[in-house]
Visitor: 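The structure that follows is given in the form of structure tokens.
These figures come from a predicted structure and were not determined experimentally. In what follows, chains carry the letters A, B, and so on, assigned in the order in which the sequence lines appear, proteins first and then strands, with residues in each chain numbered from 1. When reading the values below, keep in mind they use all heavy atoms of this one structure, side chains included, and skip hydrogens, waters and symmetry mates.
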Protein chains: 2
Amino acid sequence: MPETWGDRPRSGDGPLYRQVREALLREIAQGRHPVTEPLPSEQKLAARFGVAQGTVRRALDEMARENLVIRHQGRGTFVHAHGPDRDRFHFFHLLAADGERRLPTSRVLSMTQRRVTQTEALALRLSPQARVVEIKRVRDLMARRAVLELIILPDDLFPGLGDLNKTQLPNTLYQLYQDRFAVIVHRAVEKITAEAAGPDDVTHLGLDRGAPLLRIERIAQTLDGTPVELRISRCDTTHLAYFSDLL
Amino acid sequence: MPETWGDRPRSGDGPLYRQVREALLREIAQGRHPVTEPLPSEQKLAARFGVAQGTVRRALDEMARENLVIRHQGRGTFVHAHGPDRDRFHFFHLLAADGERRLPTSRVLSMTQRRVTQTEALALRLSPQARVVEIKRVRDLMARRAVLELIILPDDLFPGLGDLNKTQLPNTLYQLYQDRFAVIVHRAVEKITAEAAGPDDVTHLGLDRGAPLLRIERIAQTLDGTPVELRISRCDTTHLAYFSDLL
DNA sequence: TAGTGGTCTAGACCACGCC
DNA sequence: GCGTGGTCTAGACCACTAA
């Protein structure tokens, strides 16, 4: 604000670069800024918000560090989308026991539509009457049956998904959410416990009844914190492990 | 470099702020900059390195984001130490099943000195002849026996530790490493699997034989990546869970 | 009051991608 | 060649801490 200095009315709250950040975040959450084209340049944003370019830069750099946008020198700044460029392991922490990164393959067992359960409604912040799509699939890692997954999606966020044939579901679901339903998963929270194998695990993972397995309960969220997917993965950790970096 | 511009010889590699960062990192790893007193101010560092204050700031800000240093307006910048200020949950992801944060208590079962095993030597990058201290303890969470821990420490990094009485060990070991041995844990990698309870787990955690439990294998490192602790935690996840944020 | 980091501005030059 | 982000500088004022 070159002219009006000396008495900044503290119009919004907090530093300018945070206000710029929040404004951009709102725009992105509202679905402007399609993932295929760049945000306005730093210069234009600076002019629009009436701040210096460096202030916009700081906001964008912060968002880039949080994986919300991605910046390319010479091309521009984009909403960070799921696609070939994105690190596929950011949301996939199951690696071979030696730490090697291998991507899994998937086979869908079933896809059904039904009323939400009480637990699911709580996790996904849905009304008790809401409908959901349930996907059940097995994932292989290094040619071994490794993970039995149950995926719960709110029907209203993914209209028409239940009508798809189960063979049409890709391995990388987050890309599907983004391309077909404009739902971008930006973050997730996982809750990990150990459980004993039940009948389903025996059938689909080839485990012995009562064998220990890793249960991962994930809630995936969009930018504004709306939960969009509940995923429960049951993993045979004989040849795998979940890796976590504490930096 | 105000005078000599126009032909920066690209003396080191990469941007200046990274060179500054690496230089500071080296100094910290070498044990200069005790955790009790601030680093030189931005002004002084800028003069020392012959760069602008903003360049030093960028290096320090980056290090602050990685939890390597901590900055206090009006006081200065400090090597980020374990202590009352530090977030105790950064290295402790076991929470009550509802997500509540409670700190554990600890009871040491034994502390012994012995030769390293082959597996341990590999994980801690020790010679096969090296000696280690082994600590075994039980941790309670919410007044319930919850975790059985085996901690392996290289003897040469922690001289005299094996002579301590086991009742002298504090609950927060990383603080001990730092205060008594000038070893600061900056990061850790965890590898999580599910296992069946064995005799030890039955004895100390009160689990049934074969019950599923969570096994967390952690390697803690100092700034320069030297592994300084191997810790294997076996957790009863009946009332707990391991939480992980994917941002 | 002096000194620290925090915010903000302004403008330079460089490296890169695209047309 | 033009526009983008990446790096670097310089200097202003503010907020906080400590002596």
Visitor: Are the ring centres of B:His93 and B:Phe243 closer than 6.0 Å?
Guide: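 Judged by ring-centre distance (under 6.0 Å), B:His93 and B:Phe243 do not meet the cut-off.
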Visitor: For A:Gln43, I'd like to know if atom CD has over 12 heavy atoms of other residues, nucleotides or ligands within 6.0 Å.
Guide: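 No, because the 6.0 Å sphere around CD of A:Gln43 holds 12 heavy atoms or fewer from other groups.
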Visitor: Would you say a side-chain N or O of A:Thr55 is under 4.0 Å from OP1 or OP2 of C:dT9?
Guide: yes
Visitor: At a heavy-atom distance below 4.0 Å, what parts of residues 61-75 of chain A sit against DNA chain C?
Guide: A:Gln73, A:Gly74, A:Arg75
Visitor: According to salt bridge (charged side-chain N to carboxylate O under 4.0 Å, His left out), does anything in residues 220-230 of chain B pair up with another residue at least two apart or in another chain? List the pairs.
Guide: B:Glu229-B:Arg231
Visitor: Does A:Arg58 place a side-chain N or O at less than 4.0 Å from the phosphate oxygens OP1/OP2 of C:dC8?
Guide: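 Looking at the OP1 and OP2 atoms of C:dC8, neither is under 4.0 Å from any side-chain N or O of A:Arg58.
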Visitor: Does a side-chain N or O from A:Tyr17 land closer than 4.0 Å to OP1 or OP2 of C:dC8, or not?
Guide: no
Visitor: State whether a side-chain donor-acceptor pair under 3.5 Å links B:Asn67 with B:Arg86.
Guide: no
Visitor: Expressed as a whole number of angstroms, how long is the span from B:Phe78:CZ to C:dG3:C1'?
Guide: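 The answer, rounded to whole Å, is 13 Å.
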Visitor: Over how many whole Å does the gap from B:Gln53 atom CD to C:dT9 atom P extend?
Guide: 18 Å
Visitor: Any salt bridge between B:Glu66 and B:Arg21, counting N to O under 4.0 Å?
Guide: yes
Visitor: Roughly how many Å is it from CD in A:Gln43 to P in C:dA12, rounded to a whole number?
Guide: 12 Å
Visitor: Within less than 4.0 Å of OP1 or OP2 of C:dT4, is there a side-chain N or O belonging to B:Lys44?
Guide: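 It does, given that an N or O in the side chain of B:Lys44 lies less than 4.0 Å from OP1 or OP2 of C:dT4.
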Visitor: Salt bridge between A:Arg48 and A:Glu27, side-chain N to carboxylate O under 4.0 Å?
Guide: yes
Visitor: Please determine whether a side-chain nitrogen or oxygen atom of B:Ser41 lies at a distance below 4.0 Å from atom OP1 or OP2 of C:dG3.
Guide: no
Visitor: Which ones in residues 27-35 of chain B lie close to DNA chain D, meaning a heavy atom under 4.0 Å from one of its atoms?
Guide: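 By residue number: none to list.
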Visitor: For A:Asp13 and C:dT7, give me the distance from atom CG to atom C1', rounded to whole Å.
Guide: 16 Å
Visitor: Given D:dT7, D:dT4, C:dT9, identify the nucleotide with an atom nearest to the side chain of A:Arg57.
Guide: D:dT7
Visitor: Whole angstroms only, please: what is the CZ-C1' distance between B:Arg21 and D:dT7?
Guide: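 So the two atoms are 16 Å apart, to the nearest Å.
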Visitor: Grab the CG-C1' distance between A:Leu39 and D:dG5 for me, whole Å please.
Guide: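 Roughly 12 Å, once rounded to whole Å.
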Visitor: Parallel, tilted or perpendicular for A:Tyr174 and A:His82, by the 30°/60° rule?
Guide: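 A:Tyr174 vs A:His82 ring planes: perpendicular.
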Visitor: Do the side-chain N or O atoms of B:Thr77 get closer than 4.0 angstrom to the phosphate oxygens (OP1, OP2) of C:dT4?
Guide: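 So the side chain of B:Thr77 is outside the cut-off, no N or O lying under 4.0 Å from OP1 or OP2 of C:dT4.
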Visitor: Quick one: CZ on A:Phe78 to CG on A:Leu68, what's the gap to the nearest 0.5 Å?
Guide: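 If I round to the nearest 0.5 Å, the distance is 16.0 Å.
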Visitor: Going by atom types alone, do B:Asp140 and B:Thr105 pair a side-chain donor with an acceptor below 3.5 Å?
Guide: no
Visitor: D:dG6 P sits how many Å from B:Leu16 CG, rounded?
Guide: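 Answer to the nearest Å: 17 Å.
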Visitor: Can you tell me how far NE2 of A:His186 sits from CG of B:Leu247, rounded to the nearest 0.5 angstrom?
Guide: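 Between atom CG of B:Leu247 and atom NE2 of A:His186 there are 12.0 Å.
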Visitor: How close or far is atom C1' of D:dG3 from atom CD of A:Glu42, stated in whole angstroms?
Guide: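 After rounding, the gap between these two atoms is 12 Å.
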